[in-house]
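Beneath this line is the structure, given in structure tokens, with notes to follow.
Numbers here are sequence positions counted from 1.
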Amino acid sequence: MIVWRLIAIVCILLGVIGIVLPVVPTVPFLLLAAGAASRGWPWLDERLTSHETYGPVILRWRERRAVPRAAKWYATAGMLLSAALLWLTPLPWWRLCVLLVMVPVGWWIWRRPEE
């Protein structure tokens, strides 16, 4: 139980950092936090799922594994921007490694239901 609480706290902290830093995603960390909280901290789970901004996203994910269309576009744009910036790095093998991750992740995100 303490491990789930620790995971939830760390994920919430990473999500809060993501609100401030645009390169760190917020919602995936909050989804992880809600999942961990549901296993070991019902009070926190209730707080997360009743949040006016992030609560509906968490509930849609739990019910249908749905990702809002705007989130899909933001994720795609973020990955494209990252790929473009990585193209400027002097390590060609690193570009390939990142693309081998980004392409399947992008494909997976767009295959999720939207609402």
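- Considering all non-hydrogen atoms of both residues, Arg65 and Pro113 come closest at O-CD, 3.5 Å.
- Residues forming a ring pair (Phe, Tyr, Trp, His ring centres under 6.0 Å) with Trp4 (at least two apart in sequence, or on another chain): none.
- Here CH2 of Trp73 is found 9.5 Å from CG of Leu80. Values are rounded to the nearest 0.5 Å.
- A search for side chain to side chain donor-acceptor pair (under 3.5 Å) contacts involving Ser82 returns nothing, not counting sequence neighbours.
- Hydrophobic clustering (ILVMFWY, side-chain heavy atoms < 4.5 Å, transitive): Leu31 and Trp43 are in one cluster.
- Both Val98 and Val101 are assigned to one and the same hydrophobic cluster, defined by single-linkage of ILVMFWY side chains at heavy-atom distances under 4.5 Å.
- Checked against Cys11 for a side-chain contact (heavy atoms from CB on, under 4.5 Å), the options Ile9, Leu13, Ile7 give a single hit: Ile7.
- Judged by distance alone, the side chain of Arg39 and the main-chain N or O of Gly35 form a donor-acceptor pair under 3.5 Å.
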Check against side chain to side chain contact (heavy atoms under 4.5 Å, CB included), Tyr54 and Leu48:
CA-CA 7 Å; Tyr54 298 110; Leu48 290 171; over 6 Å; no
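- Both Val67 and Met102 sit in one connected hydrophobic cluster of ILVMFWY residues. Membership requires side-chain heavy atoms under 4.5 Å apart, directly or through other members.
- When every heavy atom of Ala37 is checked against every heavy atom of Ala8, the shortest pair comes out as N-CB, 4.1 Å.
- One distance of note links CG of Leu30 with CG of Leu14; it measures 10.0 Å at 0.5 Å rounding.
- Between Arg62 and Thr49 the shortest side-chain heavy-atom distance falls below 4.5 Å.
- The 12-atom threshold is exceeded at CH2 of Trp110, counting heavy atoms of other residues, nucleotides or ligands nearer than 6.0 Å.
- Atom CH2 in Trp41 sits 8.0 Å away from atom CD1 in Ile2 (nearest 0.5 Å).
- Expressed to the nearest 0.5 Å, how far CG of Leu44 lies from CD1 of Ile12 amounts to 4.0 Å.
- Annotation: the span from Glu63 atom CD to Ile58 atom CD1 amounts to 12.0 Å, rounded to 0.5 Å.
- Sequence neighbours left out, the pairs with a member in residues 104-114 that pass salt bridge (Lys or Arg N to Asp or Glu O under 4.0 Å) are Arg69-Glu114, Lys72-Glu114.
- What you find for Thr26 and Gly18 is that their closest heavy atoms are OG1-C, 3.1 Å.
- Under a hydrophobic clustering in which Ile, Leu, Val, Met, Phe, Trp and Tyr are joined whenever their side-chain heavy atoms come within less than 4.5 Å, directly or via other members, Ile17 and Val10 fall into the same cluster.
- Using a 4.5 Å cut-off on side-chain heavy atoms (C-beta onward), Trp108 and Pro104 make no contact.
- The CE atom of Met79 sits 13.0 Å away from atom CG of Leu86, with the distance rounded to the nearest 0.5 Å.
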